[in-house]
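Below you'll find the structure, written out as structure tokens, and then a few comments.
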Amino acid sequence: MFPQTRLSRLRSNNIIRAMVREHQVNTCDLIQPVFVHHRDGTRQEIASMPGQYQLDVAYAAEWSVRLYEDGIRSILLFGIPSVKDETGSDSWDDDKGIIQRALRAIRQAVPEMLIITDVCFCEYTSHGHCGIMVERNGQMVLDHDATCKNLVRQAVSHVHAGADMIAPSGMIDGMIAVIRNGLDQTGFNHIPIMSYAVKYASAFYGPFRDAAEGAPKYGDRRTHQMDPANSDEALREASEDINQGADMIMVKPALAYMDIIRRVKDRFGIPTAAYHVSGEYAMIKAAAERGWLDEKAVTLEILTSLKRAGADMIITYHAADAAKWIPEG
């Protein structure tokens with residue numbers, strides 16, 4: 001007896017497979033991170049992230065044009081200032097701030113690009129932590145309330161300079177509520193917030209700290225980023241940020257946390273981003289360079305799996321490459 005149902009019938013050729021494909025990655029789903037530094041006239045490759053660069057403002061604007069021409073419609077900006085201090089004041093410097101300068105240049109070069117800015121302090125502070133540090137019981141700890149006040153200053157300054165969306169990434173208690181209120185009070189109630197609502201204290205961030213020059217000078221970030229062992233807590237974090245006014249939420253990292261992406265999407269049904277982080281990117285690059293993996297095939301498989309897990313959009317360092325690969329199938 002042969003089966004009446006043969007699922008292989010729907011896999012018999014390319015056209016049928018495409019016809020019944022349940023999930024597909026499009027270039028409009030992808031967001032390319034861009035690192036902008038203060039060293040004018042330079043484009044410096046990041047050693048631990050082959051193919052990624054620290055760009056000066058002019059190069060960042062030039063690359064944004066090429067990204068848009070290739071089909072990438074959204075970028076996420078990270079700034080590396082010339083001077084760092086205890087508070088990260090460059091992040092809200094309307095005139096000379098590295099992000100503000102980049103926003104104006106990119107906006108002029110490619111007005112149609114959706115520009116998202118990372119709103120945090122680790123790249124801007126002399127100590128490398130995500131906000132104001134204070135001493136309590138002989139230990140240096142992050143002051144969430146004081147940090148929130150400065151996050152508002154940073155977010156408003158970014159929007160004044162041309163940001164279309166802001167992405168608070170520090171996992172600071174109450175950050176979405178105060179930023180939403182700050183934007184609304186300054187006439188920016190139309191600006192959406194993409195919250196790093198579920199951000200784990202992950203070992204996959206190593207290359208990013210090279211790229212953003214934001215490694216902590218002491219201690220770590222486990223007091224405010226999530227324990228990788230926890231999943232129910234992710235739903236609580238996401239719920240808090242949604243209730244405070246987040247328009248989109250993010251799960252970071254992506255590949256090792258697809259179960260979290262699925263749970264968050266199923267529970268809340270809100271637009272959900274997955275951040276395919278630096279360590280995940282670097283592993284693919286390293287294996288591909290040794291001939292152990294087909295970089296294009298593996299990358300497209302991973303991006304598709306993130307869509308399948310529930311991600312509506314994917315922040316990935318492979319965005320520029322994927323934009324060229326997707327039309328090929």
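Under the 3.5 Å distance criterion, the side-chain polar atoms of T299 are left unmatched by any main-chain donor or acceptor of K296. Formation of a donor-acceptor pair under 3.5 Å by the R262 side chain with backbone atoms of A309 is found in this model. Here the side chain of E86 pairs no donor or acceptor atom with the backbone of I132 at under 3.5 angstrom. Checked by atom type and distance alone, the side chain of T316 pairs as donor or acceptor with a backbone atom of H318 at under 3.5 Å.
A side-chain N or O of T117 and one of H158 form a donor-acceptor pair less than 3.5 Å apart. With 3.5 Å as the limit, one finds no donor-acceptor pair spanning the side chains of Q154 and Y124.
Crowding of R104 atom CZ: a count of heavy atoms from other residues, nucleotides or ligands under 6.0 Å exceeding 12.
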Discussion item. Show, in sequence, the C-alpha distance, side-chain angles and deciding distance for R180 and D247, and conclude whether the salt bridge (Lys or Arg N to Asp or Glu O under 4.0 Å) test is met.
Written reply: CA-CA 10 Å; R180 181 74 272 162; D247 302 283; 3.7 Å; yes

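Scanning for ring-ring contact (aromatic ring centres under 6.0 Å, His included) contacts around Y59 gives an empty result, with sequence neighbours left out.
Other cluster members for V152: W92, V119, F121, M133, M140, L142, L151, V156, V159, I166, I172, M175, I176, V178, I179, L183, F188, I191, I193, Y218, joined by side-chain heavy-atom distances under 4.5 Å among Ile, Leu, Val, Met, Phe, Trp and Tyr.
Listed by first then second residue, pairs satisfying salt bridge (Lys or Arg N to Asp or Glu O under 4.0 Å) with a partner in residues 47-61 number zero, not counting sequence neighbours.
No path of Ile, Leu, Val, Met, Phe, Trp and Tyr side chains, each step under 4.5 Å between heavy atoms, connects V83 with I98, placing them in separate hydrophobic clusters.
Residues P33 and I31 approach most closely at CD-O, 3.5 Å, considering heavy atoms.
For an aromatic pair to be called close, the ring centres must be under 6.0 Å apart, and Y205 with Y200 fails this.
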